[in-house]
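When reading the values below, keep in mind they use all heavy atoms of this one structure, side chains included, and skip hydrogens, waters and symmetry mates.
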Amino acid sequence: MPLTSPQRELLKRLAHPIKPTVYVGKQGVTPTVVRTTDEVLTAQELIKVKFVDRKDEKRALTDALSAETACEIVGILGNIATLYRPHPDIEKRRIEFPVLGR
């Protein structure tokens with residue numbers, strides 16, 4: 001589900017006060033990083049990932065992490081990537097997008 005521009009902007013505003021919960025070190029996107037990211041996305045929907053090492057590869061690593069966890073990349077600012085994935089149970093979703101139009 002690709003994000004629209006208004007959805008992406010809303011998620012950026014919501015993510016502003018959030019602290020990074022996943023850290024990518026010198027080993028890159030390991031199975032542990034993928035598992036942790038998946039668990040945190042399920043619990044919180046919107047997270048930040050901080051790149052401690054391999055900062056020059058952050059875009060490729062974010063793409064790989066996004067593909068492994070089936071989430072959307074909201075944005076990358078500095079060495080922090082913001083990721084979003086709605087909760088699989090509609091009743092447990094925390095983030096609601098406003099309906100555009102009327």
Check your understanding: Hey, any chance V74 and L14 share a hydrophobic cluster, counting ILVMFWY side chains that come within less than 4.5 Å of each other, even indirectly?
Key -> yes

Any chance you could measure [X], atom [atom1], to [Y], atom [atom2], to the nearest 0.5 Å?
| X | Y | atom1 | atom2 | answer |
| --- | --- | --- | --- | --- |
| L46 | Y84 | CG | OH | 8.5 Å |
| I76 | T62 | CD1 | OG1 | 4.0 Å |
| E45 | L83 | CD | CG | 13.0 Å |
| F97 | L3 | CZ | CG | 6.0 Å |

Work out which heavy atom in [X] is nearest to a heavy atom in [Y]; give both atom names and the distance.
| X | Y | result |
| --- | --- | --- |
| V34 | E68 | CG1-CB, 3.8 Å |
| C71 | S66 | O-OG, 2.6 Å |
| L61 | G28 | CD2-CA, 4.4 Å |

Exercise for review: Give the C-alpha distance, both sets of side-chain angles, the deciding distance and a yes or no for side chain to side chain contact (heavy atoms under 4.5 Å, CB included) between Q7 and L10.
Suggested key: CA-CA 5 Å; Q7 289 173 331; L10 173 65; 5.7 Å; no

Check your understanding: Got a sec, which residues hit side chain to side chain donor-acceptor pair (under 3.5 Å) with R8, two or more places apart in sequence or on another chain?
Key -> none

Review point. Got T82 and I73 here, is their nearest side-chain heavy-atom distance under 4.5 Å?
Key: no

Review point. Tell me, which pairs form a salt bridge (Lys or Arg N to Asp or Glu O under 4.0 Å) where one or both residues lie in residues 27-41, sequence neighbours left out?
Key: D38-R85

Exercise for review: Scan for salt bridge (Lys or Arg N to Asp or Glu O under 4.0 Å) pairs involving residues 88-97, sequence neighbours excluded, and state none if there are none.
Suggested key: none

Review point. By side chain to side chain contact (heavy atoms under 4.5 Å, CB included), which residues pair with V33, not counting sequence neighbours?
Key: V22, V24, T30, T37, L65

Show which side-chain atoms of residues 47-58 pair as donor or acceptor with protein atoms under 3.5 Å away, not counting sequence neighbours.
unit_1: K48; atom_1: NZ; unit_2: A15; atom_2: O; d: 3.1
unit_1: K48; atom_1: NZ; unit_2: H16; atom_2: O; d: 3.3
unit_1: K48; atom_1: NZ; unit_2: I18; atom_2: O; d: 3.1
unit_1: D53; atom_1: OD2; unit_2: K26; atom_2: N; d: 3.3
unit_1: R54; atom_1: NE; unit_2: E57; atom_2: OE1; d: 3.3
unit_1: R54; atom_1: NH1; unit_2: K26; atom_2: O; d: 3.4
unit_1: R54; atom_1: NH1; unit_2: Q27; atom_2: O; d: 3.4
unit_1: R54; atom_1: NH2; unit_2: E57; atom_2: OE1; d: 2.8
unit_1: K58; atom_1: NZ; unit_2: G78; atom_2: O; d: 2.8
unit_1: K58; atom_1: NZ; unit_2: N79; atom_2: OD1; d: 3.3

Exercise for review: Among Ile, Leu, Val, Met, Phe, Trp and Tyr joined by side-chain contacts under 4.5 Å, find the other residues sharing a cluster with L77 and list them by chain and number.
Suggested key: none

